[in-house]
Q: 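The following block contains the structure, expressed as structure tokens.
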Amino acid sequence: MLTREEALKLLEENLSNPNLVKHSLASEAVMRALARYLGENEEEWGLAGLLHDLDAQIVSPQEHGLKTVAILGERITPAMAQAIKAHNQPFNNIKRESKFDYALAAGETITGLIVASTLVLPSKKLADLKAESVLKRFKEKHFAAGARREDIALGEKLGLSLEEFVSLALKAMQEVSGELGL
């Protein structure tokens with residue numbers, strides 16, 4: 001399996017958009033927190049979060065995730081490959097089947113809602129964001145409309161209420177706020 005350093009080098013080589021890189025770092029943090037909470041492999045889940053959008057700038061929405069798995073090849077586990085492909089189920093029809101699949105879909109999506117909720121704060125700082133504010137924004141369908149609420153709600157398939165999932169994800173992102181520039 002890849003090391004985190006190798007994964008970061010791949011991000012640098014494949015993603016020129018700094019916001020996509022930050023999204024990947026945020027997704028990694030959320031996935032590591034979910035793995036710790038659920039007693040799963042933190043390294044494997046973290047790397048999936050970090051690398052899930054590796055192909056985002058080079059393929060169509062229908063191919064997204066598939067090309068990432070092709071690029072990574074034998075350097076990732078079959079479970080990582082499945083989760084990376086399935087995080088994009090609405091476009092590529094790869095069925096989500098495992099906790100890992102649901103975690104990546106929910107975990108990477110919640111990052112967008114949390115970032116958008118942070119950016120409307122006067123301070124624009126993750127440290128100032130409260131889970132209650134994210135939950136309020138979750139109910140506003142037009143706010144951060146790209147953050148698919150049905151994917152975020154998949155946290156419930158992990159045994160977490162929406163409130164617990166939002167709190168866990170927010171805390172994870174707050175811990176890497178420096179890397180995220182928030």
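Both backbone and side-chain heavy atoms feed into the values below; hydrogens, waters and symmetry mates do not. For the single chain, residues carry numbers from 1 onward in sequence order.
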Q: Is there a side-chain contact between L34 and E40 (heavy atoms, below 4.5 Å)?
A: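 Sidechains of E40 and L34: no contact.
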Q: Would you sort out whether D101 and Q82 count as a side-chain hydrogen bond (donor to acceptor under 3.5 Å, both in side chains), showing the intermediate values?
A: CA-CA 7 Å; D101 297 353; Q82 167 60 25; 3.1 Å; yes
Q: Which residue is it: L129, L126, L25? I am looking for the one with a side-chain contact (heavy atoms from CB on, under 4.5 Å) to M173.
A: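 Only match with M173 under side-chain contact (heavy atoms from CB on, under 4.5 Å): L126.
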Q: Could you check whether any side-chain N or O of E44 sits under 3.5 Å from a backbone N or O of N41, counting only pairs where one atom can act as donor and the other as acceptor?
A: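 Judged by distance alone, no pair lies under 3.5 Å.
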Q: Measure from the side-chain N and O atoms of T68 to the backbone N and O of D55, and report whether any donor-acceptor pair falls under 3.5 Å.
A: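 Side chain of T68 to backbone of D55, a donor-acceptor pair under 3.5 Å: yes, one is there.
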Q: Atom CD in Q89, atom CD in E97: separation rounded to 0.5 Å?
A: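 Q89 atom CD to E97 atom CD measures 9.0 Å (nearest 0.5 Å).
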Q: Using a cut-off of 6.0 Å, state whether more than 12 heavy atoms not belonging to E13 lie near its atom CD.
A: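 Yes, the 6.0 Å shell around CD holds more than 12 heavy atoms from other groups.
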Q: May I ask you to check whether over 12 heavy atoms, not counting those of F91, lie within 6.0 Å of atom CZ?
A: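 Count not over threshold, so no.
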Q: Can a donor-acceptor pair be found between the side chains of D53 and H64 at a distance below 3.5 Å?
A: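 Yes, H64 and D53 have a side-chain donor paired with an acceptor closer than 3.5 Å.
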Q: As a quick check of understanding, evaluate side chain to side chain contact (heavy atoms under 4.5 Å, CB included) for M80 and F100, giving each step before the final call.
A: CA-CA 8 Å; M80 285 174 70; F100 197 175; 3.9 Å; yes
Q: Quick one: CG on L162 to NZ on K139, what's the gap to the nearest 0.5 Å?
A: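 Result: 8.0 Å between the selected atoms.
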Q: Got a sec: does the NZ of K124 have more than 12 other heavy atoms crowding it under 6.0 Å?
A: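 Count over threshold, so yes.
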Q: Between N88 and P61 (side chain of the first, backbone of the second, donor and acceptor by atom type, cut-off under 3.5 Å), is there such a pair?
A: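 Checking the backbone N and O of P61 against the side chain of N88, a donor-acceptor pair under 3.5 Å is found.
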Q: Determine, step by step, whether K136 and E132 satisfy the salt bridge (Lys or Arg N to Asp or Glu O under 4.0 Å) criterion, reporting the C-alpha distance in whole Å, the side-chain angles of both residues, the deciding distance to 0.1 Å, and the verdict.
A: CA-CA 6 Å; K136 180 181 168 204; E132 297 77 30; over 6 Å; no
Q: Is a salt bridge present between E140 and R137, judged by a nitrogen-to-oxygen distance below 4.0 Å?
A: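 A salt bridge is present here (some side-chain N lies under 4.0 Å from a carboxylate O).
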Q: Kindly compute the distance separating CG (L2) from CD (E74), expressed to the nearest 0.5 Å.
A: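 It comes to 11.5 Å.
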Q: Compare every heavy atom of A144 with every heavy atom of R149, then report the nearest pair and how far apart it is.
A: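 For R149 and A144, the tightest heavy-atom pair comes out as NH1-O, 2.9 Å.
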Q: A106 and G155: which non-hydrogen atoms are nearest, and at how many Å?
A: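 Heavy-atom minimum between the residues: CB-N, 3.8 Å.
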Q: Nearest 0.5 angstrom please: M31 CE to L104 CG, how far?
A: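 Rounded to the nearest 0.5 Å, the CE-CG separation comes out at 5.0 Å.
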Q: Side chains of Q57 and S16: donor-acceptor distance under 3.5 Å anywhere?
A: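 Yes.
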Q: Side-chain contact, heavy-atom cut-off 4.5 Å: L15 with S24?
A: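 Answer yes - side chains close enough.
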Q: Using side chain to side chain contact (heavy atoms under 4.5 Å, CB included), reason through L38 and W45 one step at a time and then give a plain yes or no.
A: CA-CA 11 Å; L38 297 168; W45 283 39; 3.8 Å; yes
Q: Side chains of N14 and I71: closer than 4.5 Å at any heavy-atom pair?
A: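 N14 vs I71: side chains touch.
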Q: Out of curiosity, Q174 CD to L182 CG, how far, rounded to the nearest 0.5 Å?
A: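 The CG atom of L182 is 10.5 Å from CD of Q174, to the nearest 0.5 Å.
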Q: Which pair of heavy atoms, one from D151 and one from P90, lies closest together, and at what distance?
A: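 Distance-wise, the nearest heavy atoms are OD2-CG, 4.5 Å.
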Q: Honestly curious: do L66 and L20 fall in one hydrophobic cluster under the side-chain, below-4.5 Å linking rule?
A: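 No; L20 is not reachable from L66 via cluster members.
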Q: Take atom NZ in K141; do more than 12 heavy atoms of anything else shown fall under 6.0 Å from it?
A: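 Result for NZ/K141: enclosed.
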Q: How far apart are the C-alpha atoms of R148 and E150, what are their side-chain angles, what is the distance that settles it, and do they pass the salt bridge (Lys or Arg N to Asp or Glu O under 4.0 Å) test?
A: CA-CA 5 Å; R148 294 173 46 92; E150 55 271 34; 3.0 Å; yes
Q: Is any NZ, NE, NH1 or NH2 atom of the basic residue among R32 and E28 found under 4.0 Å from an Asp or Glu carboxylate oxygen of the other?
A: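 Result for this pair is yes, salt bridge flagged.
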Q: Check whether any side-chain heavy atom of L154 sits under 4.5 Å from a side-chain heavy atom of F165, and report yes or no.
A: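 A side-chain contact under 4.5 Å is absent here.
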Q: Would you call F138 and L113 a side-chain contact if the rule is heavy atoms closer than 4.5 Å?
A: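 Contact flag for F138/L113 side chains = yes.
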Q: Using the side chain to side chain contact (heavy atoms under 4.5 Å, CB included) rule, take K125 and L121 through it: C-alpha gap first, then chi angles, then the decisive distance, then the call.
A: CA-CA 7 Å; K125 295 291 181 194; L121 294 175; over 6 Å; no
Q: Write down the atom of A169, the atom of I110, and the distance for their closest heavy-atom approach.
A: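 Smallest interatomic distance, heavy atoms only, reads CB-CG2, 3.7 Å.
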Q: Nearest 0.5 angstrom please: E6 CD to L11 CG, how far?
A: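 Answer for the CD-CG pair, E6 versus L11, is 12.5 Å.
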Q: Is the backbone N or O of I94 less than 3.5 Å from a side-chain atom of R96, with the two atoms forming a donor-acceptor pair by type?
A: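 The answer is no, because no donor-acceptor pair under 3.5 Å joins these two groups.
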Q: Give the C-alpha distance, both sets of side-chain angles, the deciding distance and a yes or no for side chain to side chain contact (heavy atoms under 4.5 Å, CB included) between R4 and L8.
A: CA-CA 6 Å; R4 184 173 190 271; L8 288 170; 3.3 Å; yes
Q: Before giving the answer on ring pair (Phe, Tyr, Trp, His ring centres under 6.0 Å), spell out for H52 and H23 the whole-Å C-alpha distance, their side-chain angles and the decisive distance to 0.1 Å.
A: CA-CA 10 Å; H52 76 283; H23 166 68; 5.0 Å; yes
